[in-house]
Amino acid sequence: MHRTTRFRTRLLLSFAVVIMLALLLPAYYARQLFRGEILDDAQAGAIRELRLAALLMQQHGGFNGEQALHTWLEDLGARLEARVTYITAGGRVAADSHMAYSQVPGMDNHAMRPEVLDAEQGDYGLSQRFSATLDKDMLYAAKRVQGVAGVPDGFLRLAVPYAGIRSRLERLQQNFLVVFGLALGMAFVLSLILARSMGRSIQEMIDVAEAIGQGDYNKRMRFFPGSEFEPLARAVNTMAGNINSQVSTITELALVQEAILDGMREGLMVLDGGGRILKVNRALVRIFPDATLFVGRRPLEIVLSPELQAACDRAVAGDLEAHGPQTIQIEPEKDRIYDVTIVPLNPGERGLGAIIVFHDISELKRLERVRRDFVANVSHELRTPLTTVKGYSETLLTNPKADGKTAQKFLEIILKNADHMAKMVEDLLHLSRLESGRQQFSPERVSAAEALAEALRTCEPLAQAKAIRLVSALPEGGVFVRADYDRLVQVFRNLVENAIKYGPEDSVVSVDWTLTPPGSQGAGEVVFGVSDFGPGIPKEEASRIFERFYRVEKHRGKNCGGSSGLGLAICKHIVERLGGRIWVAGRQDADTGSVFHFTMPADTTDGNGPA
């Protein structure tokens with residue numbers, strides 16, 4: 001009942017019960033008190049009138065018989081508006097004010113009436129009963145009378161109607177009911193107003209509590225029904241303020257944590273106690289673009305690595321606690337290698353299982369591979385000339401009687417290989433200066449045709465040895481770029497030498513150019529292309545062709561033609577230092593061959609621009 005009835009209704013009913021009890025009990029007491037007082041007052045009035053009648057009877061001086069007494073009583077009864085009866089000691093009615101005298105002697109014996117019996121024992125007697133003679137309730141009062149001349153000793157009895165007393169009591173009761181009804185109505189109205197006011201205040205307190213429970217921590221209690229609720233209102237407001245402060249702190253910490261996680265370069269994955277993905281950061285989304293779609297799933301569904309999944313299962317199960325974090329390496333796709341650290345958390349604590357950190361070491365592995373290749377390539381490039389130098393030197397030492405012509409030939413071979421090794425060392429030092437930034441550049445307005453012409457003159461002997469024709473499509477004095485003249489000559493020379501080196505005999509090596517149109521990517525650049533008819537370069541190796549000593553595997557071991565194997569790497573660094581780009585592509589007009597493209601910023605300072 002209390003759980004389903006509204007508080008305001010219960011409060012109103014409680015007020016009604018209290019008010020009814022507060023009104024009924026005093027009213028009942030007052031009614032009983034007033035009734036007793038009215039009866040006492042009626043009885044006292046009857047006794048006073050009876051005493052007065054007895055006194056008047058004794059002062060009358062005597063009566064000439066019962067007829068005279070009857071007449072006197074009849075007159076007295078009319079004056080007192082009451083029935084006056086004289087009863088002899090034997091119980092006979094000698095006179096009665098309300099009956100004819102002839103009827104008086106025939107009345108029953110009245111000596112046994114209660115009021116008469118009481119009057120015999122004391123000063124007077126009282127009783128209240130229904131009168132069959134008068135057909136109404138009467139209040140009777142009797143008093144002993146003695147020594148009246150002409151009248152035997154007896155009792156003077158006065159009877160007044162009880163209906164008047166009852167009507168007064170009924171009017172009193174009606175008035176009480178009216179007053180009770182008005183008081184109860186007013187009390188009900190006041191209770192209803194108070195209950196509604198208290199109900200509104202309590203409802204406001206409920207609304208504030210619900211708002212706080214739903215996250216509106218700025219809600220406060222402004223009004224409450226009384227001072228008794230003030231501590232509760234203060235406690236709720238203080239609680240809301242503390243929760244708001246704590247939520248703000250937690251939110252700030254969460255934002256800081258989110259910023260830290262999103263600012264990490266390493267991918268991060270958080271697992272719950274069941275080994276399922278709970279959260280990922282932006283770096284992991286960059287590594288695995290669909291990572292956010294797999295929240296709530298197992299790591300194996302994102303990273304196809306059974307080894308990683310097994311390690312995660314052990315971490316979530318708590319098997320790694322005694323040994324701390326575990327580190328493994330995975331390669332989910334070609335040339336993408338990750339160092340993965342798995343940190344187990346306390347099992348079941350706040351539903352967390354483990355934290356997985358993905359560190360991309362692909363570049364480190366690539367550099368490590370480049371370093372190994374560099375060592376292998378340097379060893380390969382130096383081993384051949386060193387072997388030649390050593391072999392011919394040992395021959396000269398072991399055969400001192402060799403003729404001068406043979407010795408001369410051997411010394412020329414030794415010198416040639418020594419020059420090759422010296423050039424390789426020089427190129428290595430040059431490349432080292434370029435990579436470290438110690439090589440100085442002096443960008444200026446340069447004629448690309450003049451730089452190419454100088455490079456072609458240097459490469460002409462090498463081209464003649466293979467009957468390769470060198471062709472330039474650059475107009476003399478018509479293409480100007482912003483570059484370092486010597487470095488631009490070096491780029492042209494290295495690319496042309498590379499084309500001659502891998503080009504077949506009796507072929508053509510050509511150099512052309514284009515101007516990037518305005519509005520397109522790289523606008524304001526001059527694009528140069530060095531074309532050959534060599535074996536070409538596979539697409540999967542095109543990105544590595546500019547590494548030091550890197551060669552396409554199928555061409556390793558062929559005659560180097562005096563090359564150090566560093567020309568393309570040097571070209572790449574020079575072009576990028578001058579603000580350009582370099583790349584290789586296949587020929588569009590033939591099944592074999594390659595085109596090495598590089599760009600240089602166009603120079604139009606004198607207004608003539610490229611032709």
Side-chain angles (χ1 to χ4, degrees), residues 32-170 172:
Q32 295 299 110
L33 180 63
F34 290 156
R35 180 177 180 180
E37 289 181 353
I38 291 173
L39 289 176
D40 292 344
D41 184 62
Q43 290 176 357
I47 291 173
R48 285 194 301 271
E49 291 180 356
L50 180 62
R51 288 178 177 177
L52 178 61
L55 179 61
L56 292 175
M57 184 176 178
Q58 290 178 350
Q59 291 179 353
H60 190 274
F63 297 91
N64 295 323
E66 294 180 359
Q67 178 60 42
L69 178 59
H70 175 75
T71 302
W72 186 79
L73 290 179
E74 187 175 7
D75 180 63
L76 182 60
R79 293 177 181 272
L80 297 178
E81 296 181 356
R83 178 183 177 185
V84 184
T85 305
Y86 188 78
I87 304 171
T88 64
R92 181 179 62 85
V93 177
D96 193 318
S97 62
H98 280 59
M99 298 183 64
Y101 178 72
S102 59
Q103 297 175 337
V104 173
M107 293 185 65
D108 297 335
N109 185 13
H110 286 66
M112 302 304 295
R113 303 295 188 195
E115 65 276 9
V116 175
L117 293 176
D118 291 341
E120 289 181 356
Q121 302 298 326
D123 188 20
Y124 57 88
L126 291 170
S127 68
Q128 182 266 323
R129 64 179 181 276
F130 179 77
S131 174
T133 305
L134 300 177
D135 193 22
K136 62 178 65 175
D137 289 332
M138 301 295 288
L139 176 63
Y140 295 93
K143 180 176 175 57
R144 181 185 293 275
V145 178
Q146 296 177 346
V148 178
V151 179
D153 292 341
F155 300 91
L156 184 63
R157 188 181 68 179
L158 182 68
V160 295
Y162 191 71
I165 300 174
R166 177 176 294 174
S167 62
R168 290 179 61 190
L169 290 175
E170 290 177 353
L172 177 63

Exercise. Which value, rounded to the nearest 0.5 Å, describes the distance between F155 atom CZ and L117 atom CG?
Worked result: 8.5 Å
Problem set entry | Approximate separation, where rounding is to 0.5 Å, of Q67 CD and W72 CH2 | 15.0 Å
Exercise. With a 4.5 Å heavy-atom cut-off, do F63 and T71 have their side chains touching?
Worked result: no
For this session: Report the residues that fulfil side chain to side chain contact (heavy atoms under 4.5 Å, CB included) with P152, sequence neighbours left out, ordered by chain and then residue number.
Result: T88
Exercise. Just wondering, do L73 and T85 contact through their side chains at under 4.5 Å, heavy atoms?
Worked result: no
For this session: Can you measure from CG (L156) to NZ (K143) and round to the nearest 0.5 angstrom?
Result: 9.5 Å
Problem set entry | Minimum heavy-atom distance between V84 and G77, given as atom pair plus value | CG2-CA, 3.9 Å
Seminar exercise, completed: Contacts of Q121 meeting side chain to side chain contact (heavy atoms under 4.5 Å, CB included) (sequence neighbours excluded), chain-then-number -> none
Problem set entry | Which atom of A82 lies closest to which atom of V160, heavy atoms considered | CB-CG1, 3.7 Å
Exercise. Which atom pair, heavy atoms only, marks the closest approach of I47 to Y124?
Worked result: CD1-CE1, 2.8 Å
Exercise. Looking at CG of L158 and CD of E115, how far apart are the two atoms once the value is rounded to the nearest 0.5 Å?
Worked result: 10.5 Å
Exercise. Would a 4.5 Å heavy-atom cut-off, applied to side chains only, mark L76 and M57 as touching?
Worked result: no
Exercise. Minimum heavy-atom separation for Y86 to D153, with atom names?
Worked result: OH-C, 3.3 Å
Exercise. Looking only at heavy atoms, which two atoms of L126 and A141 are closest? And how far apart?
Worked result: CD2-CB, 3.4 Å
